[in-house]
Amino acid sequence: MSGYAVTMADAARDRLPLRERKKQRTRQALVDTALELFAENGFDNTTLDELCDAVDVSKRTFFRTFTSKEDVAMAPLRDLWAAFLDDLATRESAGTLYGTVQGSVLAALDRMPPDGWAERAARSHRLAQSTPAMAANNLQFCDRTVRDALLILHNRFDIGLPADPRPRLALDIVVAAFHRALDVWSDGARETDTAALARRVRDVFAAVPEALAMTPAPRATVRDR
């Protein structure tokens with residue numbers, strides 16, 4: 001994110017009413033504390049009561065912000081996909097549908113806050129990879145997000161009938177490519193900031209056409225050597 005964008009984001013937060021700023025601080029405290037407790041004690045071994053006690057909030061306050069433990073644990077990445085849908089709803093066509101959707105993913109990354117989002121996103125992703133309940137919940141969330149994106153595209157662009165599989169395939173490919181970039185980026189990479197993730201995403205996006213055109217040759221056997 002550019003310095004100008006960071007300054008604008010900070011200014012926007014400062015203009016929020018006091019009540020809203022308090023809500024955001026509570027939300028962030030819940031996310032940070034949840035990721036810490038889940039990493040230390042395990043997702044399944046950490047109760048919602050323990051999380052609320054650690055942040056000193058009631059369950060009622062928690063459920064005004066999140067729907068479940070999975071929801072709070074995946075909040076950093078879900079914030080990204082919310083920004084993706086928001087951008088997709090106003091983005092001009094980039095020529096190809098695939099390019100348009102790619103542009104919205106990269107724009108969403110650029111909109112993520114600079115103060116620790118990347119670290120939270122990496123921790124959230126690693127936690128999901130080792131927690132079956134989170135992984136299953138995340139699959140459902142991804143499917144809902146793709147369906148929401150498909151509805152936005154059909155409302156904004158003439159991309160054929162809903163029965164046409166190509167728009168859904170374009171979305172699925174972009175999402176799969178992003179997740180591959182996320183895997184590599186969060187798996188002990190030397191650079192774990194948002195800019196590094198964006199570079200990984202661009203690299204994987206660029207590799208997709210070659211992957212689709214790749215023609216595998218039979219592996220040589222011992223007899224052939």
Side-chain angles (χ1 to χ4, degrees), residues 1 9 12-13 16 20 23-39 43-44 46 48 51-52 55 57 59 61-91 101-153 171-172 174-183 185-187 192-194 196-198 200-201 204:
M1 180 180 287
R13 282 194 293 270
L16 290 173
E20 188 61 30
K23 285 173 61 177
Q24 288 195 0
R25 285 196 294 269
T26 298
R27 182 183 191 274
Q28 198 58 69
L30 282 167
V31 172
D32 288 338
T33 305
L35 290 173
E36 183 177 342
L37 289 175
F38 295 159
F43 179 83
D44 293 328
T46 303
L48 189 54
L51 171 57
C52 291
V55 184
V57 299
K59 278 188 176 181
T61 297
F62 176 88
F63 283 116
R64 279 201 293 259
T65 310
F66 298 105
T67 61
S68 63
K69 288 200 306 179
E70 290 85 356
D71 192 24
V72 68
M74 296 304 299
L77 291 169
R78 293 185 178 183
D79 288 346
L80 173 70
W81 289 111
F84 161 75
L85 292 175
D86 184 60
D87 184 87
L88 195 63
T90 58
R91 175 165 293 271
V101 177
Q102 285 182 339
S104 284
V105 170
L106 293 169
L109 274 171
D110 194 52
R111 288 171 56 180
M112 291 300 97
D115 52 345
W117 177 85
E119 181 184 355
R120 296 181 193 105
R123 294 176 68 185
S124 180
H125 181 63
R126 288 193 293 266
L127 189 61
Q129 288 180 308
S130 61
T131 308
M134 284 181 61
N137 185 277
N138 207 33
L139 283 175
Q140 294 177 346
F141 173 80
C142 285
D143 184 66
R144 289 197 306 271
T145 300
V146 170
R147 290 177 184 275
D148 289 343
L150 194 58
L151 181 60
I152 289 171
L153 291 173
L171 282 163
D172 284 341
V174 169
V175 171
F178 174 82
H179 283 146
R180 178 55 191 153
L182 188 63
D183 285 341
W185 171 78
S186 66
D187 190 19
T192 56
D193 57 288
T194 308
L197 174 56
R200 291 282 186 183
V201 170
V204 176

Next item on the list: Check Ala73 against Phe43 and note the closest heavy-atom contact, atom names and distance.
Entry: CB-CE1, 4.3 Å
Check: So, Lys59 side chain and Cys52 main chain: donor-acceptor pair closer than 3.5 Å or not?
Finding: no
Next item on the list: Indicate the atoms forming the closest heavy-atom contact of Val204 with Ala177, along with that distance.
Entry: CG1-O, 3.4 Å
Check: Do Gln28 and Val31 have side chains that get closer than 4.5 Å, going by heavy atoms?
Finding: yes
Check: Side chains of Leu51 and Phe66: closer than 4.5 Å at any heavy-atom pair?
Finding: no
Checklist line | Spacing of NZ belonging to Lys69 relative to CG belonging to Asp44, to within rounding of 0.5 Å | finding: 6.0 Å
Item checked: Ala198 to Leu106 - nearest heavy-atom pair and separation -> O-CD2, 4.1 Å
Checklist line | Arg27 side chain to Thr65 backbone, donor-acceptor under 3.5 Å | finding: no
Margin query: Once side chain to side chain contact (heavy atoms under 4.5 Å, CB included) is applied, do any residues pair with Gln102, and if so which ones, sequence neighbours excluded?
Written below: Tyr98, Val174, Phe205
Next item on the list: Using the test side chain to side chain contact (heavy atoms under 4.5 Å, CB included), find all partners of Glu20 that sit at least two apart in sequence or belong to another chain.
Entry: Leu16, Pro17, Lys23, Gln24
Note to self: Testing the basics here: between Leu88 and Ile152, what is the closest heavy-atom pair and its distance to 0.1 Å?
What the structure shows: O-CG2, 3.8 Å
Checklist line | Shortest non-hydrogen contact between Trp185 and Ala118, atoms and distance | finding: CH2-O, 3.2 Å
Checklist line | Atom pair CG (Asp183) and NE2 (His125), whose distance is rounded to the nearest 0.5 Å | finding: 4.0 Å
Note to self: Could you check whether any side-chain heavy atom of Asp71 comes within less than 4.5 Å of a side-chain heavy atom of Phe141, counting everything from C-beta outward?
What the structure shows: no
Item checked: Where Phe62 and Ser68 come nearest, the two heavy atoms and their spacing -> CZ-O, 3.5 Å
Margin query: With a 4.5 Å cut-off on side-chain heavy atoms, are Leu77 and Leu182 touching?
Written below: yes
Next item on the list: May I ask you to test the Leu109-Trp117 pair for a side-chain heavy-atom distance under 4.5 Å?
Entry: yes
Margin query: Between Trp81 and Cys142 (side chain of the first, backbone of the second, donor and acceptor by atom type, cut-off under 3.5 Å), is there such a pair?
Written below: no
Item checked: Ionic contact status for Arg144 with Asp148, cut-off 4.0 Å -> no
Checklist line | Spacing of Arg25 atom CZ and Leu30 atom CG [to the nearest 0.5 Å] | finding: 13.5 Å
Margin query: Does any part of the side chain of Leu153, heavy atoms only, come nearer than 4.5 Å to the side chain of Leu171, both counted from C-beta?
Written below: yes
Notebook entry, point to check: Judged by atom type as modelled, is there a donor-acceptor pair below 3.5 Å linking the side chain of Thr131 to the main-chain atoms of Ala128?
Noted result: no
Next item on the list: Answer yes or no: is there an ion pair linking Asp79 with Arg120, defined by an N-O contact shorter than 4.0 Å?
Entry: no
Checklist line | Flag side-chain contact, heavy atom, 4.5 Å: Leu35 against Ser124 | finding: yes
Next item on the list: Please round to the nearest 0.5 Å and tell me the distance separating atom CZ of Arg111 and atom CG of Asp86.
Entry: 4.5 Å
Margin query: Nearest 0.5 Å, please: how far is CD in Glu36 from OG1 in Thr46?
Written below: 10.5 Å
Note to self: Quick check: do Arg123 and Phe38 have side-chain heavy atoms less than 4.5 Å from each other?
What the structure shows: no
Check: Could you give the distance from CG (Asp193) to CE (Met112), rounded to the nearest 0.5 Å?
Finding: 15.0 Å
